[in-house]
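Proteins come first, then strands; the chains are lettered A, B, ... in the order of their sequence lines, and each starts at number 1.
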Protein chains: 2
Amino acid sequence: MQTRATIRDVAKKANVSLMTVSRVVNKKGNTSKATTSKVLKAIKELNYRPNITARSLAAKKSDFIAIIVPDISNPFFSEMVKGAEDFARENGYNIFLGDTEGKVELEKEYIDAAINRMADGIILVAPRLEDNLICKINDNIPLVIVDRSINKNDVLQVYIDNLKGAMSAVEYLINLNHKHIAFLSGPKDVLDSLQREKGYIMALKKHNIPINPKLMLTSDFKFESGRYAFEKFFSNYPKPTAIFASNDIMAFGLIQRAHEMNVKVPKDVSIVGFDDISLSSLVNPPLTTVRHPMLKMGIKAVELLINKLDNQLDTKINFNLENTLIVRKSTRKIK
Amino acid sequence: MQTRATIRDVAKKANVSLMTVSRVVNKKGNTSKATTSKVLKAIKELNYRPNITARSLAAKKSDFIAIIVPDISNPFFSEMVKGAEDFARENGYNIFLGDTEGKVELEKEYIDAAINRMADGIILVAPRLEDNLICKINDNIPLVIVDRSINKNDVLQVYIDNLKGAMSAVEYLINLNHKHIAFLSGPKDVLDSLQREKGYIMALKKHNIPINPKLMLTSDFKFESGRYAFEKFFSNYPKPTAIFASNDIMAFGLIQRAHEMNVKVPKDVSIVGFDDISLSSLVNPPLTTVRHPMLKMGIKAVELLINKLDNQLDTKINFNLENTLIVRKSTRKIK
DNA sequence: CTAATTGTTGCTCTCGTTTGCATAACTTTA
DNA sequence: TAAAGTTATGCAAACGAGAGCAACAATTAG
């Protein structure tokens, strides 16, 4: 592994000052054609590459964006990262990735790391971090929070209307004549989760359907819980004719256990999820679900952040992206 | 956003030289108890954070590992990244993520970026990049290539035995009395793909089952292609009683189209995939598949890389991880 | 032909840290 | 008691690049 050429080596080889080399590299200032080609030749011969770390130090700008998510192996987040990564690259930024496993301790660790590494900004998905901590971070480094809204209008945020999404899902079921609609909730300390529950309740109330606590279960967004919940729901009376799960993964669990118990989807029970992760269209039956546009949210988050970095003082602070019901084959009309 | 305190500010405040502060921060060298606590107090009061970019420049070491993958939104790769990320963090490294969309052009761009940013090493998943280019990169920066083997014993590599994995899948089907076993291949310019095909052929030969070109189809690892392939296979005679798909996603496609065409899995046709991505156990029926241990590969890759960085000259260069057949419910015995 | 303007190039300082060496004070050892 | 460690500290020079200013040459205007 040969040692790396620096801008000085190039300068010496080309018989110019290091500033001239810098100008050629950055295409700034004026350099004569002759000098430019002399420098370019030296660069090529020495296989010179500008050291971006050194540049960052001097410029106080790293062209790094930190993306901090709870679980990169979850398609839900990896899709967001995909969108963010792509848009960032197109705009000259690279990604510093942090996976927190949802632990507040690791969230803090990564936020510190991002600041210490002079990241230009942070895109943060941290459903449990306290509001005032988020504000504190926002005072230290440009920040966009994703999939979470917060009552502070100087914090950039990208989210969806979970309440509306849940309502549209439940109203869709009601329109298919379902009366006994069960709801499988996510964890209660996650805002998304609470709002989806609220949407469920509001939809029922709006259509004068009584709320039955036996048809509501609180859970943790995991597949196994979907399996467990299905059994639970079907051991009660009245059995639901439809189940709305707070995320797709749990809906998969519901469907799998239904199959095992010889309950047909959608013939015997309709199932609706939430998120529309990429695999929701691949399962059997393809899942009716509320699209949570993660890829778009990733893109939008980076766009907001870059705008802020460029001092484009957009008046818009938060982006409430559309979530639409995707009707597939896990639901059907009854009676 | 207040300006950031530097090591000099701390030194001034604590009335010591900046070297003493550096020693306290890095817990290196000897500092008296009194001085140490004086410095720590100043650090706290000024909210000082060491600038890792500056440290990297001085130390010629960034504590960054670049991970370059074709598609972070593909569960297959995101699981690998998860493993790598986690192990890297535990060992004091952060991740610089690159998503190449499988394009050689972007692969090169990210490799350059990694070098220019002084990444300590690269973990690369690039099935199409030419061998000699890989060797060239390996001369410039510590490298581990994942999910690909190469005939150069100075290039660190982590992979699985695709041939063996495919053979075990097909032999399993043969033991279930299947004779008409179709094979849905991935792209022919990917080594994994070719070796899986070879495994398929070897298994058939070993058991004296004639190879029927009508039962072989070349494709692209995509869901839609699985759907298409199922139709194709079932429009021919003899219809296969089992299909081995070169990856899980295509297997999902096969299953979905089967359902739509009212062909029951596994009653009418057995289906086996390859990879065991996290969703393979969640579909209906749960997929029998060959486990491709991506998470482990991610961990192993970082481990190899760190060993190299620490000059632990392990004799082992390449790791051929175990891949095992995971029998679920998409296959059954016939006759 | 002189003065003003423009185009090209280089010098030096700075970014925030670490590394290598120097130094002083304090211990131990013989 | 003197020589030889140890411990605790600081100084100056990197690390590789960019910014501001200064210098000088070439061109144009009057």
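Of the side-chain N and O atoms in Ser32(B), none sit less than 4.0 angstrom from OP1 or OP2 of dT7(D). Between Thr6(A) and dG16(D), a side-chain N or O to OP1/OP2 separation shorter than 4.0 Å is absent. Within the 4.0 Å cut-off from OP1 or OP2 of dT17(C), not a single side-chain nitrogen or oxygen of Ser56(B) is found. Applying the 4.0 Å criterion to OP1 and OP2 of dT18(C), one finds that Lys60(B) has every side-chain N and O outside that range. Between Asn26(B) and the phosphate of dT18(C), there is a side-chain N or O to OP1/OP2 separation shorter than 4.0 Å. A sub-4.0 Å separation between OP1 or OP2 of dT9(D) and a side-chain N or O of Thr35(B) is present. Checking the phosphate oxygens (OP1, OP2) of dC15(D), no side-chain nitrogen or oxygen of Lys61(B) falls inside 4.0 Å. Within the structure, every side-chain polar atom (N or O) of Thr20(A) is placed at least 4.0 Å from both OP1 and OP2 of dT9(C). For Ser22(A) and dG18(D), the shortest distance from a side-chain N or O to OP1 or OP2 is below 4.0 Å.
A distance-only check finds no donor-acceptor pair linking the side chain of Arg8(A) to the backbone of Leu18(A) [under 3.5 Å]. Between the Asp86(B) side chain and the Gly83(B) main chain, no donor and acceptor come within less than 3.5 Å of each other.
The CD1-C1' distance, from Ile52(A) to dC15(C), rounds to 16 Å in whole Å. Taking atom CG on Asn51(B) and atom P on dT18(C), their separation rounds to 10 Å, with Å as the unit. To the nearest angstrom, C1' of dT9(C) lies 13 Å from CG of Asn15(A). Lys12(B) has its NZ atom 13 Å from the P atom of dG16(C), to the nearest Å. Atom CD1 in Ile43(A) sits about 14 Å away from atom C1' in dG16(D), given to the nearest Å. A straight line from CZ of Arg117(A) to P of dG16(C) spans 17 Å, rounded to a whole angstrom. Rounded to whole angstrom, the span from the CE atom of Met118(A) across to the P atom of dA17(D) amounts to 15 Å.
If you check distances only, the side chain of Arg23(B) does reach the base of dT9(D) with a donor-acceptor pair under 3.5 Å.
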Next on the checklist: Between Asp189(A) and Arg128(A), is the salt bridge (charged side-chain N to carboxylate O under 4.0 Å, His left out) condition met? List the steps.
Outcome noted: CA-CA 7 Å; Asp189(A) 57 346; Arg128(A) 284 168 228 259; 2.6 Å; yes
Next on the checklist: Walk me through whether Asp154(A) and Lys308(A) qualify under salt bridge (charged side-chain N to carboxylate O under 4.0 Å, His left out).
Outcome noted: CA-CA 11 Å; Asp154(A) 57 339; Lys308(A) 179 167 188 178; over 6 Å; no
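Taking every heavy atom of both residues into account, Leu143(A) and Leu156(A) meet most closely at O-CB, 3.5 Å.
For the pair Ala59(B) and Ala59(A), nearest-nucleotide mapping onto DNA chain D gives the more 5' position to Ala59(B).
With dG16(C), dT12(C), dT9(D) as the candidates, the nucleotide lying closest to the side chain of Leu18(A) is dT12(C). Listed candidates were dA17(D), dC11(C), dT17(C). Nearest to the side chain of Arg8(B) is dT17(C). Residue Leu57(B) places its side chain closer to dC15(D) than to any other of dC15(D), dT17(C), dG10(D). Of the candidates dC15(D), dT9(C), dC15(C), dC15(D) carries the atom nearest the Ala58(B) side chain, counting heavy atoms from C-beta on. The listed nucleotides are dG16(D), dG18(D), dC15(D); the one nearest the side chain of Met19(A) is dG18(D).
If you check every strand for non-hydrogen atoms under 4.0 Å, Thr53(B) touches nothing. When heavy atoms are screened at a 4.0 angstrom cut-off, Val16(A) is found touching the sugar-phosphate backbone but no base atom.
In this structure, Phe64(B) has its ring center closer than 6.0 angstrom to the ring center of Phe64(A).
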